[in-house]
2 protein chains.
Amino acid sequence: MQVSQLDKTFFALSDPTRRAMLAQLAEGDALLKDLAEPFDMTLPAVSKHLKVLEDAGLVKRTREAQRKPATLDPKPLKEAADWLEKYREIWAANFDRLEGLLDEMKKIKKEGK
Amino acid sequence: MQVSQLDKTFFALSDPTRRAMLAQLAEGDALLKDLAEPFDMTLPAVSKHLKVLEDAGLVKRTREAQRKPATLDPKPLKEAADWLEKYREIWAANFDRLEGLLDEMKKIKKEGK
DNA sequence: CAGTAAATTAACCAATTGGTTAAGTACATA
DNA sequence: TATGTACTTAACCAATTGGTTAATTTACTG
């Protein structure tokens, strides 16, 4: 089966550890050990999370001697934001419709007194 | 362990079947069998996907005789969009920084000729 | 060359996911 | 009451996820 870029991006964002890692990377590049530091988790576990972010294209890495600093790549996040945006109007309309329905119900209730 | 609303929302969005279901629900309420129709999948499978959307709070359902129509609830989507928005500025800055770096590199390359 | 630092790989494990088939429930209607 | 429609539950299964420990790789440094 094939997994789209969007699938991977949303999946990457569905874990609080990974979102926190992205938040930290937004502050600037970081090494694995620095990314791991805030969490009560072993290095290999964090390494796996980082790999999920890499596979989603959200993080790029380069070699610097033993180090392999991670850099945030925001492009896939834009794609995700665009997907949400694409539906925002419809959702807004939907929301308005619900609001309207609620008003309707209040009116009926009042009349019924 | 505890799973946040945001976790559930992003996870729900990470599957193309579920995104398609949401897209269909954006057109209006739908029954399970109608939601299932576009997919080469059994009803219980679609029922499970719908449950994931319900658990994420993206879908509400009501009883109507045998039927149990599903309605889109866009609120959690707003939360997800807000999360992305919250980091957009930082990401934009990050992107500009990369662009700047790229310009720098071009300049150096040119000077090196 | 020995030691240390940063990260990865391998092997394992329990829980979850995403699908199936088969059986069961909830209602409406002939 | 029997039948059909809409949906759910149960039981099962393979693959994936999210974690562990132990060993290995990569590269600098004394």
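Every chain is numbered from 1, with letters handed out A, B, ... down the list of sequences.
Distance, Asp7(A) CG to dT17(D) P: 11 Å, rounded to whole Å. Separating the NZ atom of Lys51(A) from the C1' atom of dT9(C) is a distance of 8 Å, rounded to the nearest angstrom. Look at NZ on Lys33(A): it is 16 Å from C1' on dA27(D), rounded to the nearest Å. Straight-line distance from the CG atom of Leu53(B) to the C1' atom of dT17(C): 14 Å, rounded to whole Å. Spacing between atom CD of Glu37(A) and atom C1' of dA6(C) amounts to 15 Å, rounded to whole angstrom units. Taking atom CG of Leu35(B) as the reference point, atom P of dT5(D) lies 19 Å away to the nearest angstrom. Between the CG atom of Asp55(A) and the P atom of dG18(D) there is a distance of 12 Å, rounded to whole Å. For the pair Met21(A) CE and dA7(C) P, the computed distance is 11 Å after rounding to whole Å.
Counting heavy atoms from C-beta outward, Arg61(B) and Thr71(B) have side chains that stay 4.5 Å or more apart. Inter-residue side-chain proximity for Leu13(A) and Leu13(B) is flagged as unmet; no heavy-atom pair is nearer than 4.5 Å. Contact check for Leu53(B) versus Leu58(B): side-chain heavy atoms found under the 4.5 Å cut-off.
A salt bridge is absent between Lys51(B) and Asp55(B); no separation between the charged side-chain nitrogens and carboxylate oxygens falls under 4.0 Å.
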Completion exercise
Contact string for nucleotides 19-24 of chain D, one letter per nucleotide 5' to 3', B = base within protein heavy-atom range under 4.0 Å, S = sugar-phosphate only, - = neither, reads BBBB--

Problem - Sugar-phosphate or base contact per nucleotide [nucleotides 24-30 of chain C; S, B, -; heavy atom under 4.0 Å] - result: ---BS--

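Annotation: cation-pi geometry not satisfied between Arg19(A) and Phe10(B) (NZ/CZ under 6.0 angstrom from ring centroid, within 45° of ring axis).
For the OP1/OP2 pair of dC7(D) and a distance below 4.0 Å, the side-chain nitrogens and oxygens of Ser47(B) include no atom meeting the criterion.
Val59(A) and Phe11(A) are assigned to two separate hydrophobic clusters, defined by single-linkage of ILVMFWY side chains at heavy-atom distances under 4.5 Å. In the hydrophobic clustering of this structure, Leu6(B) does not group with Val52(A); members are Ile, Leu, Val, Met, Phe, Trp, Tyr whose side-chain heavy atoms approach within less than 4.5 Å, directly or through other members.
Judged purely by distance below 3.5 Å, without hydrogens or angles, the side chains of Asp7(B) and Ser14(A) never pair a donor atom with an acceptor atom.
Residue Leu31(A) holds its CG atom at 10.5 Å from CG of Leu50(A), rounded to the nearest 0.5 Å.
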